[in-house]
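Heads up: the structure comes next, in structure tokens.
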Amino acid sequence: MSLRVYNTLSGKKEEFKPIEPGKVRMYVCGVTVYDYCHIGHARANIVFDIIYRYLRYVGFDVTYVRNYTDVDDKIIKRANERGISSRELSEEFIRAFDEDMATLGLALPTYQPKATDYIAEIIALCEKLINRGLAYEAGGDVYYRVRKFPGYLKLSKRNMEEMQAGARIAPGEQKEDPMDFALWKAAKPGEPNWESPWGAGRPGWHIECSAMSSSLLGETFDIHGGGRDLIFPHHENEIAQSEGASGKPFVNYWLHNGFVNVDQEKMSKSLGNFFTIRDILKNYDPEVLRFFILTAHYRSPIDFSDQNLKEAKAGLSRFYEALKAADETLRSHPLPERPVCPEISDAEREVYDKIEHLDDFFAAAMDDDFNTAAAIGHLFEAVRGINRLIGEARFDECNLSLRVIEDGAKKLRELGGVLGLFGSDPAAWLERQKSAGLQGAGLSAEAIEELIEERRAARQNRDFARADQIRDALAAQGIELLDSKDGTSWKVK
RNA sequence: GGCCCCGUCGCCAAGUGGUAAGGCAGAGGUCUGCAAAACCUCCAUCACCAGUUCGAAUCUGGUCGGGGCCUCCA
């Protein structure tokens, strides 16, 4: 099996062939740092995090660049509103971004460049484009002469005439053509600025990504990613800038993740219907959010709702319950040196096979354009298998099952790790969910334990009426009791 | 208006030519004092219509419905 990816440029799934065998160079558009990240950012970053992890898992040496855009109109505007410098503002939100991504358990990219550290490269790129006749200076601004670049709009698949209608020249701009876009903007009073051949100014929006990507990855690299909404104009303009300057293909594979919707509508800042990562994390474990995002394919839209988050939590809990049960089983049943099973039942055989080939099923799903939803489906089947062997509990006659349980739990952790999942200690993770859930129930763990003890005594006296009364009362408050041979435990519904 | 995407079980969600993964919910069963958890069994012909094909959820055309981009946006 080989990796196939959907390339926005061709509109098809293609076999992935890196430029340099065994190595992948990947650039993903990060954030403009002027506000807290919302769950749309969370999705984009989680999606490319697992792409990064999976590429490494299959053996590629990956150079992953994710930038911060720290100079921009919105940053300047917000900084002015707050009466602080652009630099102070962007530094504040770079820290916030780093914290959010760390909380979500993202692996660190190889490089995280800031646009303002690449001003010299940006100016050099502008000069090159001017020399090639693809850009021009006008009143201290520099614009890209879009009509001179033949491949323009090849990524977004539009045509110039139709685009004309919406394009316009803002007051103060001196564009030759409404479609042209700014590479460099002359500084207005009070704006951050850098010296350039065209006077003091600052970069336009798209040029920083061209400059940072070519500096760190070269003129042509393998993968460029980002949200769908960046296809036009951002990525289209990046292509014009980079290919215009180098004369070489910019990127081989363009990957774009789908949106997060709220009530079937795109979540966005302009609509005001967005949730920040910090909002969500008040009510949900970060791993639940990650799990929720990965249960859909990265290109599909996902609908964000309390209901869907709750389902994700139930699903993730199922994994941790199984891992916990596996841990406990292995702890109480030492694995013999040479596990045997004289008579393997059909059901056991089925589970053994499933777990033995789990990596293959997982890889086949992920090789198909990073189909995490299908991959998780396979992992769920392994959960059922493990639970089944534990349920059979015939370890005396067939201790080989212990080996399979051990193997299954190990693979679950290893493959889950590729998705950034199941990294916690299961008992501790479940315990955390319990105490978090308790806050909403208005009950203390001690109170519950007391009631459990009272019920235990009642049951011993065969006073089942009283015992059931206690259980029902707790259930009404969302507390479920689970009886076992070793006593009674509880969990929040 | 132009371009693009989507419409799969009650809900979420895979599946892009060979008679529909998985999760949640639901029904029955095993276990249990009774439950819960776990396990077993059951539960969809893929918006609609017309084509192509031996064969389509999967390809083509159309209809209806939803969404996105064209302005800042992951």
Worksheet item: Quick one: A:M366 CE to B:rG22 C1', roughly how many Å, whole number?
Response: 16 Å
Worksheet item: Does any nucleotide pair with B:rA44 by Watson-Crick or G-U wobble geometry, both distances under 3.5 Å, and what is it?
Response: none
Discussion item. Heavy atoms only, 4.0 Å cut-off, all strands: where does A:H297 land among base, sugar-phosphate and nothing?
Written reply: sugar-phosphate
Worksheet entry | For atom CZ of A:R471 and atom P of B:rA35, their distance in whole Å | 9 Å
Worksheet, complete the sentence: Among B:rC24, B:rA74, B:rC34, the one nearest any side-chain atom of A:R455 is B:rC34
Worksheet item: Looking at the rings of A:F93 and A:Y36, which for Trp means the six-membered one, are their centres under 6.0 Å apart?
Response: yes
Worksheet item: Separation of A:L230 atom CG from B:rC70 atom C1', in whole Å?
Response: 15 Å
Item to complete: Check the angle between the aromatic planes of A:F319 and A:F380 and answer parallel, tilted or perpendicular using the 30° and 60° thresholds.
Response: tilted
Response to the item:
Regarding the side chain of A:R318, the nearest nucleotide among B:rA38, B:rU16, B:rC72 is B:rA38
Worksheet item: In whole Å, what is the span from the OH atom of A:Y6 to the P atom of B:rU16?
Response: 14 Å
Discussion item. Tell me the interatomic distance from A:F48, atom CZ, to B:rA74, atom C1', rounded to whole angstroms.
Written reply: 9 Å
Worksheet item: What is the pairing partner of B:rA21, taking Watson-Crick or G-U wobble pairs with both distances under 3.5 Å in any strand?
Response: none
Fill in: Closest to the A:N257 side chain, choosing from B:rG33, B:rA74, B:rC24
B:rA74
Item to complete: Can you tell me the distance, in whole Å, between the CG atom of A:D229 and the P atom of B:rU71?
Response: 14 Å
Practice prompt. Examine A:H235 together with A:H206 and report whether their ring centres are nearer than 6.0 Å.
Written response: no
Item to complete: Flag the pair A:D35 and A:R82 as a salt bridge only when some basic side-chain nitrogen lies within less than 4.0 angstrom of an acidic carboxylate oxygen.
Response: no
Practice prompt. Kindly confirm or rule out a cation-pi arrangement of A:K354 over A:F361, judged by NZ or CZ under 6.0 Å from the six-membered ring centre and within 45° of its axis?
Written response: yes
Worksheet item: Of the nucleotides B:rA35, B:rA74, B:rA14, which one has an atom closest to the side chain of A:A374?
Response: B:rA14
Worksheet item: To the side chain of A:D368, which of B:rC69, B:rG33, B:rU16 is closest?
Response: B:rU16
Fill in: Pair partner, B:rA38 [Watson-Crick or wobble, under 3.5 Å]
B:rU30
Discussion item. Over all strands shown, is A:R66 touching base, sugar-phosphate only, or nothing at heavy-atom distances under 4.0 angstrom?
Written reply: nothing
Worksheet item: To the nearest Å, how far apart are A:N237 CG and B:rC70 C1'?
Response: 13 Å
Discussion item. Can you confirm if the aromatic rings of A:H378 and A:F362 lie within a centre distance of less than 6.0 Å?
Written reply: no
Item to complete: Looking at every strand, decide which applies to A:G30 at a 4.0 Å heavy-atom threshold: base, sugar-phosphate, or nothing.
Response: sugar-phosphate
Worksheet item: Starting at the 5' end of RNA chain B and moving along, which residue's nearest nucleotide shows up first, A:S156 or A:V383?
Response: A:S156
Item to complete: Give a yes/no verdict on base stacking between B:rG22 and A:F380: centres under 5.5 Å, planes within less than 30° of parallel.
Response: no
Response to the item:
Applying the 3.5 Å cut-off to both distances, the Watson-Crick or G-U partner of B:rC59 turns out to be B:rG51
Practice prompt. Ignoring the backbone of A:E381, work out which of B:rG23, B:rA14, B:rA21 is nearest its side chain.
Written response: B:rA21
Discussion item. What contact category does A:S300 fall into here, base, sugar-phosphate, or nothing, at under 4.0 angstrom with non-hydrogen atoms?
Written reply: sugar-phosphate
Item to complete: Using a 4.0 Å heavy-atom cut-off across all strands, classify A:N371 as base, sugar-phosphate, or nothing.
Response: sugar-phosphate
Item to complete: Have a look at A:A373 and say if it touches a base, only the backbone sugar-phosphate, or nothing, with a 4.0 Å heavy-atom cut-off.
Response: base
Discussion item. I need the single residue from A:F275, A:F274, A:F259 that forms a ring pair (Phe, Tyr, Trp, His ring centres under 6.0 Å) with A:F304. Which is it?
Written reply: A:F275
Discussion item. By nearest heavy atom, map A:V31 and A:N261 onto RNA chain B; which one lands nearer the 5' end?
Written reply: A:N261
Worksheet item: How is A:R158 classified with respect to the nucleic acid when contacts are heavy atoms under 4.0 Å: base, sugar-phosphate, or nothing?
Response: base
Response to the item:
Paired to B:rG65 by Watson-Crick or G-U wobble criteria (both distances under 3.5 Å) is B:rC6
Practice prompt. Identify which nucleotide among B:rA37, B:rG33, B:rA14 has an atom closest to any side-chain atom of A:L482, counting heavy atoms from C-beta outward.
Written response: B:rA37
Worksheet item: Quick one: which of B:rG33, B:rC70, B:rC72 gets closest to the side chain of A:F232?
Response: B:rC70
Practice prompt. On the 0 to 90° scale, with breaks at 30° and 60°, tag the A:F16-A:Y253 ring pair as parallel, tilted or perpendicular.
Written response: tilted
Worksheet entry | Out of B:rA14, B:rG23, B:rC72, whichever nucleotide has its closest atom nearest the side chain of A:R384 | B:rG23
Worksheet entry | Counter-base of B:rA13, judged by Watson-Crick or G-U geometry with both distances under 3.5 Å | none
Fill in: Interatomic distance where CZ belongs to A:R459 and P belongs to B:rA35 [whole Å]
13 Å
Practice prompt. Assign A:K74 to base, sugar-phosphate, or nothing according to its heavy-atom contacts below 4.0 angstrom with the strands shown.
Written response: sugar-phosphate
Item to complete: Assign A:G227 to base, sugar-phosphate, or nothing according to its heavy-atom contacts below 4.0 angstrom with the strands shown.
Response: sugar-phosphate
Worksheet item: Just checking A:V260: base, sugar-phosphate only, or nothing, at a heavy-atom cut-off of under 4.0 Å?
Response: base
